[in-house]
Amino acid sequence: MSMYSEKDWERLKNFGYLEDFTYEAYFRGGEKHVEELVGADYVLPFSVEEILEAGVSSLSKKFIKLKTPKEVQDEIKQAMNENKGYSLIRVGDGELLTLAHDLLVSTEDIKSIPRLNFLSYAGVNLPDHSMRDLLANNMLEADMVGIPFLRRPTFQQLFNKLAKHHNWPLEHMNLTRSVINYELHLQTTLFQDLLSNQRILLIGNRMMEGETVLRNAGFNNIAGSIPVENIYSVPQVLSEAQKYDFDVAFVSAGIPANLICVELAKCNKIAIDFGHLIDELINNTKVIAK
């Protein structure tokens with residue numbers, strides 16, 4: 001979300017800048033690049049917005065289509081009908097920073113920025129190159145990958161840099177938006193259908209609370225719940241999951257969810273990164289009605 005309203009931003013653009021930093025940031029964000037590309041011997045009498053529109057239009061054949069919630073739902077249901085495993089993983093800033101550390105950005109730089117000091121909460125302690133490489137491999141192992149649509153430094157911009165670094169074949173990958181867990185809840189009946197008709201295993205530290213919420217909502221096909229301490233406890237979690245009779249796993253476990261979902265799919269299970277949707281259900285800010 002921008003720190004300026006649209007009205008304030010237009011005023012700053014049209015009538016001058018309140019601070020030198022604001023001017024410099026705006027200049028470096030667009031005009032500087034145009035200036036360098038055009039060169040000192042020419043002028044290009046168009047605004048940055050017009051130049052961007054023309055550039056984006058010329059690249060339209062390079063657009064990569066993201067799967068819609070309906071398409072994702074259909075794929076999951078088809079996998080169930082064919083008795084196949086299916087993994088839906090999502091990559092946000094935590095996964096991307098883990099993937100990028102000591103490749104595109106140093107561990108020291110990440111740790112020096114206070115707002116990025118959440119990775120231990122998400123289940124990973126940096127540096128960890130083996131987990132970084134495993135996550136990178138899972139980008140090609142997963143059946144569906146949710147990626148950021150926000151073009152922010154630690155979101156889509158970082159994802160694009162990682163894709164180039166690893167030479168990921170984006171045009172051949174099955175991609176959707178990283179908020180697909182919320183979109184499936186709001187735009188489809190997938191979760192209601194699964195909870196009503198399949199045995200569901202809940203995996204994550206708040207899933208015991210989530211199990212109570214879902215049972216109180218009338219969903220009684222819950223096989224059980226398993227906590228996840230961190231990414232290093234994934235083998236133990238997978239071993240524990242083998243004790244349950246289930247068809248589908250909802251996984252709300254931060255970065256470890258990536259590994260758990262891919263491995264469960266190899267065991268012919270449907271595994272969905274449920275994310276913070278479980279917190280919303282527990283806090284009653286969202287509801288799955290039977």
Side-chain angles (χ1 to χ4, degrees), residues 72-73 76 79-80 84-92 94-95 98 118-125 131 134-135 137-139 141-146 176 178-182 184-185 190-217 219-283 286 288:
V72 175
Q73 173 184 245
I76 291 173
M80 295 207 68
K84 294 181 179 179
Y86 189 96
S87 56
L88 165 57
I89 66 172
R90 302 178 305 110
V91 290
E95 289 82 5
T98 303
F118 63 86
L119 290 177
S120 59
Y121 169 77
V124 174
N125 294 315
M131 288 300 176
L134 186 55
L135 289 172
N137 182 67
N138 274 7
M139 293 294 294
E141 290 276 342
D143 294 288
M144 180 71 69
V145 181
T176 187
S178 58
V179 292
I180 186 63
N181 53 331
Y182 291 111
L184 287 170
H185 168 61
L190 177 66
F191 295 142
Q192 289 96 326
D193 295 344
L194 294 178
L195 284 162
S196 298
N197 301 304
Q198 307 297 328
R199 293 283 292 169
I200 308 295
L201 180 63
L202 305 174
I203 301 177
N205 284 341
R206 298 201 72 187
M207 284 307 200
M208 188 173 292
E209 298 171 82
E211 181 175 350
T212 299
V213 169
L214 292 170
R215 288 188 183 281
N216 287 341
F219 299 109
N220 297 311
N221 293 331
I222 309 297
S225 55
I226 303 173
V228 181
E229 185 176 353
N230 52 45
I231 205 164
Y232 313 104
S233 64
V234 168
Q236 178 183 346
V237 171
L238 293 172
S239 177
E240 188 69 19
Q242 293 180 7
K243 301 176 183 178
Y244 291 88
D245 176 21
F246 70 100
D247 307 299
V248 179
F250 291 169
V251 187
S252 295
I255 297 171
N258 179 301
L259 307 182
I260 294 168
C261 288
V262 169
E263 292 305 312
L264 288 178
K266 293 176 183 177
C267 299
N268 245 32
K269 304 296 184 182
I270 306 295
I272 299 171
D273 184 348
F274 204 68
H276 285 294
L277 181 54
I278 194 61
D279 299 295
E280 302 251 24
L281 298 179
I282 292 169
N283 297 334
K286 285 186 170 53
I288 297 179

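- Atom-to-atom distance recorded for Leu195:CG and Asn221:CG is 8.0 Å, nearest 0.5 angstrom.
- Residues passing the side chain to side chain contact (heavy atoms under 4.5 Å, CB included) test with Asn137 are Glu141, sequence neighbours excluded.
- Scanning for side-chain hydrogen bond (donor to acceptor under 3.5 Å, both in side chains) contacts around Asp247 gives an empty result, with sequence neighbours left out.
- Between Leu259 and Leu135, some side-chain heavy-atom pair lies under the 4.5 Å cut-off.
- If you take CG on Asn181 and CD1 on Ile278, they are separated by 11.0 Å, rounding to the nearest 0.5 Å.
- Considering only residues two or more places apart in sequence or on other chains, Phe246 meets the ring pair (Phe, Tyr, Trp, His ring centres under 6.0 Å) condition with none of them.
- Scanning for side-chain hydrogen bond (donor to acceptor under 3.5 Å, both in side chains) contacts around Ser87 gives Asp143, with sequence neighbours left out.
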### Message
Between Tyr182 and His276, does the side chain to side chain contact (heavy atoms under 4.5 Å, CB included) criterion hold? Intermediate values first, please.
### Response
CA-CA 9 Å; Tyr182 291 111; His276 285 294; 3.3 Å; yes
### Query
Can you list the steps and then say if Ile180 with Met144 is a side chain to side chain contact (heavy atoms under 4.5 Å, CB included)?
CA-CA 10 Å; Ile180 186 63; Met144 180 71 69; over 6 Å; no
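- For residues 256-270, the side-chain hydrogen bond (donor to acceptor under 3.5 Å, both in side chains) pairs, not counting sequence neighbours, are Asn138-Asn258, Glu263-Lys266.
- Of all heavy-atom pairs spanning Gly224 and Tyr244, the tightest one is CA-CE2, 3.8 Å.
- Taking CD1 of Ile226 as the reference point, atom CD1 of Ile260 lies at 8.5 Å (rounded to 0.5 Å).
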Tabulate below the donor-acceptor pairs under 3.5 Å that side-chain atoms of residues 196-211 make, not counting sequence neighbours, or state none.
residue: Ser196; atom: OG; partner: Gln192; partner atom: O; Å: 2.8
residue: Asn197; atom: ND2; partner: Asp193; partner atom: O; Å: 3.0
residue: Asn205; atom: OD1; partner: Val228; partner atom: N; Å: 2.8
residue: Asn205; atom: ND2; partner: Val228; partner atom: O; Å: 2.9
residue: Arg206; atom: NE; partner: Glu209; partner atom: OE2; Å: 3.1
residue: Arg206; atom: NH1; partner: Asp279; partner atom: OD1; Å: 2.9
residue: Arg206; atom: NH2; partner: Glu209; partner atom: OE1; Å: 3.1
residue: Glu211; atom: OE1; partner: Ser225; partner atom: OG; Å: 3.2
residue: Glu211; atom: OE2; partner: Arg215; partner atom: NE; Å: 3.1
residue: Glu211; atom: OE2; partner: Arg215; partner atom: NH2; Å: 3.2

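- Closest of all the heavy-atom pairs between Pro256 and Ala122 is CD-O, 3.2 Å.
- Between Val237 and Pro227, the shortest heavy-atom contact is CG2-O, 3.7 Å.
- For the ring pair (Phe, Tyr, Trp, His ring centres under 6.0 Å) condition, the pairs that include at least one residue of residues 248-270, sequence neighbours left out, are Phe191-Phe250, Phe250-Phe274.
- For Gln73 against Leu190, the heavy-atom pair with the smallest separation is OE1-N, 3.2 Å.
- Residue pairs satisfying the salt bridge (Lys or Arg N to Asp or Glu O under 4.0 Å) criterion with at least one member in residues 222-234, sequence neighbours excluded, are absent.
- Just one residue in the list Ile76, Leu88, Leu264 forms a side chain to side chain contact (heavy atoms under 4.5 Å, CB included) with Ile270, and that residue is Ile76.
- Counting only distance, with no hydrogens or angles, the side chain of Thr98 and the backbone of Gly94 share a donor-acceptor pair below 3.5 Å.
- Partners of Tyr232 under the side-chain hydrogen bond (donor to acceptor under 3.5 Å, both in side chains) rule, at least two apart in sequence or in another chain, are Asp128.
- Rounding to the nearest 0.5 angstrom, the gap separating the CD1 atom in Ile255 from the CD1 atom in Ile89 is 12.0 Å.
- In terms of the side-chain hydrogen bond (donor to acceptor under 3.5 Å, both in side chains) criterion, Asn230 has no residue partners (sequence neighbours excluded).
- In this structure, OG1 in Thr212 is found 12.5 Å from CG in Leu281, a value given to the nearest 0.5 Å.
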